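Here is the structure we will look at, set down as structure tokens.
Since the model is a prediction, treat every value here as computed from it, not as a measurement. These numbers come from the heavy atoms of this one structure, side chains and all, not from hydrogens, waters or symmetry mates. Every chain is numbered from 1, with letters handed out A, B, ... down the list of sequences.
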Number of protein chains: 2
Amino acid sequence: MPKTGRPTSKDVAHAAGVSQSTVSIVLAGKAAGRISDATAQAVRQAADRLGYRPNLAARSLRLGQTRTVLLVVPTLSSLFFGAIYTGAARAAAEHGFGVVVYPWPDVSGPARSPFAAAHEAIDGILASSMAVGVLDGLDPLPRVMLDSDPRGEAPTVNFDVAEGMRAVAAHLAALGHRRIGHLAAAVDAWTFRERAGVLSAAVRGRPGAGLVREFTEIEIGAAREAAGRLLDRPDRPTALVCDDDLVAAGACKAARALGLDVPGDVSVTGFDDMLLAKAVEPELTTVRLPAEELGARGMAALLELLDGRRPASVSLPGELVVRASTAAPRRP
Amino acid sequence: MPKTGRPTSKDVAHAAGVSQSTVSIVLAGKAAGRISDATAQAVRQAADRLGYRPNLAARSLRLGQTRTVLLVVPTLSSLFFGAIYTGAARAAAEHGFGVVVYPWPDVSGPARSPFAAAHEAIDGILASSMAVGVLDGLDPLPRVMLDSDPRGEAPTVNFDVAEGMRAVAAHLAALGHRRIGHLAAAVDAWTFRERAGVLSAAVRGRPGAGLVREFTEIEIGAAREAAGRLLDRPDRPTALVCDDDLVAAGACKAARALGLDVPGDVSVTGFDDMLLAKAVEPELTTVRLPAEELGARGMAALLELLDGRRPASVSLPGELVVRASTAAPRRP
DNA sequence: CGTCCGCCGTCATACGTATCACTAAAGTGT
DNA sequence: ACACTTTAGTGATACGTATGACGGCGGACG
């Protein structure tokens with residue numbers, strides 16, 4: 001009967017002339033003081049020769065843990081969440097963990113089957129605040145929240161959007177802008193509420209300054225329309241603060257459509273500093289959010305949590321990047 | 001001793017007053033003719049009440065399959081591959097399969113551990129042609145290639161880039177362009193070789209037409225430089241054909257930097273029609289590639305393969321989308 | 001009345017791993 | 001020489017599931 005399928009630890013044991021237990025011990029790196037160097041060498045060689053790799057299902061069953069965590073994000077068709085994934089996956093890999101990602105609601109079929117499927121085989125959850133709805137009714141697995149309200153029960157890893165937004169406001173104030181428009185994301189998430197609150201406060205704090213706000217989906221057409229409404233006002237803002245680079249790109253388009261120059265007639269700022277910010281014309285003044293680092297730090301916190309420790313909540317600074325889309329207003 | 005951990009099928013059996021086997025049979029949907037309806041009902045109710053969900057590790061161990069497939073792409077920090085993932089994950093979810101994604105080389109640590117980790121627990125591989133290098137030395141798992149040379153051994157699901165590129169060439173020819181520049185992706189992949197070959201042939205087929213080519217990374221700065229080299233030539237092309245929308249955005253920037261108007265002085269075409277194409281100014285004439293559908297069809301093919309059938313290779317048509325970045329040349 | 005058959009369900013087992021409890025042999029100290 | 005420790009390794013078992021081989025219990029049929 002010819003051998004079929006992948007070699008098991010028993011096969012390795014047979015090949016090396018030892019017991020399966022020994023193989024397990026050696027390959028787990030626990031040979032020190034229990035197995036002689038010679039035997040350990042022989043086992044490793046046999047494993048190598050046979051191309052042995054442990055069966056993860058068996059290991060998971062035995063250990064009661066999967067060394068896999070779930071990442072919940074609204075979508076992966078987005079550079080921002082793609083970067084978060086990349087950072088999270090890298091950090092996880094360094095600790096021998098895998099990441100399965102559940103984009104919600106992108107993949108939500110009629111049933112919640114895809115999530116259910118993923119959910120059975122995970123040890124913990126790393127979730128974006130924007131996907132919080134899907135987390136209801138799940139097992140109380142260890143959980144870390146990304147860019148979410150720090151007052152929640154779970155540890156959080158955040159961007160310091162308040163500081164970023166304050167920097168934007170200060171930058172525009174220094175240029176002499178007094179009528180500010182805010183293109184706010186029509187998404188119910190802590191980060192956007194925070195941005196709106198901080199911007200309002202900053203503008204209110206300056207005598208003679210005013211703020212008007214429109215909400216928009218994070219989509220180019222919608223952003224363009226919303227920006228159009230803002231720019232159509234009799235007291236047209238001289239600067240448009242946008243919650244996202246893509247929205248800012250839409251705002252630039254709206255301005256151009258009205259015959260306005262950016263930044264000559266109206267300044268525009270973005271948020272995120274993804275690839276898009278340098279691809280559009282003019283290049284966007286924006287707040288750089290280190291999304292990949294957010295993912296990595298979030299994963300690190302989750303792994304700490306799984307390890308029984310209590311990770312501290314983290315807040316990553318955003319950095320104002322001044323490019324070509326902001327300037328002093330012509331007629332303040 | 002208080003119950004700890006998740007309920008098992010044994011717990012359900014106990015609660016329903018039947019054996020564990022019966023629970024397994026009922027919940028697998030194989031009750032017909034073997035278990036009475038009354039008993040089946042009782043089992044299902046007990047399972048529901050306890051919140052039972054099967055342990056996937058145990059199931060995988062028993063069945064020798066994981067109902068999980070691996071998606072290999074160069075990166076997820078890209079709208080294009082993000083869309084492929086989304087399509088693939090949706091198709092997989094419909095069949096109760098999970099997807100674990102391995103972005104390569106984004107997450108490649110010093111060791112190939114992250115991949116190895118993922119690899120142990122999968123039934124098949126769906127791989128982008130641009131990540132082909134990482135596939136060497138793996139178990140001969142069922143495999144479907146995305147956008148790859150159809151002459152390979154594995155089934156492929158492709159874009160018909162030849163047809164798309166021919167449409168671009170015809171569009172530019174109809175506008176009166178004769179000196180064509182090609183900003184080709186400096187990536188060794190079938191799809192780009194195909195594009196270059198088709199464009200060369202199309203231009204060669206028209207008397208009096210000429211083609212110059214520069215290679216570039218798919219990155220905005222590099223694209224800008226390469227486009228600059230093309231536009232600096234004494235016989236400056238009147239149209240720039242780009243292998244990617246991002247490259248096209250770079251080309252537009254280079255043109256503007258030289259004081260050239262797009263499309264007045266030079267036409268530019270992109271490829272992919274991702275979000276970027278409508279965010280830049282002018283909006284790009286490009287070839288729409290249905291990336292999400294590619295992912296979905298690829299996954300469907302892989303699932304067929306896992307089911308023992310032999311999936312047919314597929315070629316998805318790309319569609320020319322004419323927007324504002326192309327026009328007749330001023331001085332042909 | 002004996003036998004056979006369909007129905008309903010249980011028993012036992014194996015998947016591959018990690019680990020606890022144990023043993024046999026060799027070394028150590030007095 | 002004896003008790004004791006250290007070294008090197010083995011045996012047995014459990015994790016939770018799916019399934020092939022059985023078994024009891026009616027009713028139907030000859």
Side-chain angles (χ1 to χ4, degrees), chain A residues 1 3-44 46-47 50-68 96 117 120-121 123 139, chain B residues 1 3-44 46-47 50-68 96 117 120-121 123 139:
Chain A
M1 177 181 102
K3 253 331 256 183
T4 172
R6 289 229 311 253
T8 73
S9 59
K10 209 173 294 184
D11 297 328
V12 174
H14 188 77
V18 298
S19 75
Q20 182 265 331
S21 328
T22 305
V23 172
S24 184
I25 292 168
V26 169
L27 297 184
K30 299 180 180 172
R34 306 188 29 77
I35 307 291
S36 73
D37 286 359
T39 308
Q41 278 298 331
V43 167
R44 273 188 281 265
L50 296 181
Y52 167 76
R53 266 162 303 159
N55 180 316
L56 251 47
R59 174 177 290 172
S60 291
L61 177 58
R62 177 67 229 252
L63 296 182
Q65 53 162 38
T66 59
R67 294 191 81 76
T68 296
E120 311 312 325
D123 292 339
D139 290 350
Chain B
M1 179 180 103
K3 257 323 263 184
T4 172
R6 290 229 311 254
T8 73
S9 59
K10 209 172 293 185
D11 297 326
V12 175
H14 188 77
V18 298
S19 74
Q20 181 266 331
S21 327
T22 306
V23 173
S24 182
I25 291 167
V26 169
L27 296 184
K30 299 182 178 170
R34 305 188 31 79
I35 308 291
S36 74
D37 285 359
T39 307
Q41 278 298 330
V43 168
R44 272 188 282 264
L50 296 182
Y52 168 76
R53 265 161 304 157
N55 180 314
L56 251 49
R59 175 177 287 173
S60 291
L61 178 58
R62 176 68 230 248
L63 296 180
Q65 54 161 38
T66 59
R67 296 191 81 77
T68 297
E120 313 312 326
D123 292 340
D139 291 350

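- Closest non-hydrogen pair, B:Asp11 versus B:Arg6, comes out as OD2-O, 4.3 Å.
- Taken to the nearest 0.5 Å, the CD1 atom of B:Ile35 stands 4.5 Å off from the CD1 atom of B:Ile25.
- Rounded to whole Å, the distance from CZ on B:Arg59 to P on C:dG16 is 18 Å.
- Checking side-chain atoms of B:Ser24 against main-chain N and O of B:Thr22 turns up no donor-acceptor pair under 3.5 Å.
- Between A:Thr8 and the phosphate of C:dG16, there is no side-chain N or O to OP1/OP2 separation shorter than 4.0 Å.
- The A:Gln20 side chain lies nearest to C:dT19 when the options are D:dG16, C:dT19, D:dT10.
- As rounded to whole Å, 13 Å separates atom C1' of C:dC15 from atom CG of A:Asp11.
- The NZ atom of B:Lys10 sits 6 Å away from the P atom of D:dC15 (whole-angstrom rounding).
- Side-chain proximity of B:Tyr52 to the nucleotides C:dC15, C:dT17, D:dT17 is greatest for D:dT17.
- Taking every side-chain heavy atom of A:Asn55 into account, C:dT17 is the closest of C:dT17, D:dT17, C:dT10.
- The side chain of A:Ser9 lies closest to C:dT17, out of D:dT19, C:dT17, D:dG16.
- Between A:Gln65 atom CD and C:dT17 atom C1' there is a gap of 13 Å when expressed in whole angstrom units.
- Side-chain N/O atoms of A:Thr39 include one lying less than 4.0 angstrom from OP1 or OP2 on D:dG9.
- Taking atom CZ of residue B:Arg67 and atom C1' of nucleotide D:dT17, one finds them 15 Å apart after rounding to whole Å.
- A donor-acceptor pair under 3.5 Å links the side-chain atoms of B:Ser60 to the main chain of B:Leu56, judged by distance alone.
- Contacts between residues 21-37 of chain B and DNA chain D, defined by a heavy-atom separation below 4.0 Å, involve B:Ser21, B:Ser24, B:Ile25, B:Lys30, B:Arg34, listed by number.
- Taking A:Ser21 as the reference, A:Ser19 meet the side-chain contact (heavy atoms from CB on, under 4.5 Å) condition, with sequence neighbours excluded.
- In terms of modelled atom types and a separation under 3.5 Å, the side chain of A:Asp123 and the main chain of A:Gln65 share no donor-acceptor contact.
- Here the C1' atom of nucleotide C:dG16 and the CG atom of A:Leu63 are 12 Å apart, to the nearest Å.
- Following rounding to the nearest Å, A:Leu61 (CG) and D:dG16 (P) show an atom-to-atom distance of 7 Å.
- Considering only residues two or more places apart in sequence or on other chains, A:Ala15 meets the side-chain contact (heavy atoms from CB on, under 4.5 Å) condition with A:Ala46, A:Arg49, A:Leu50.
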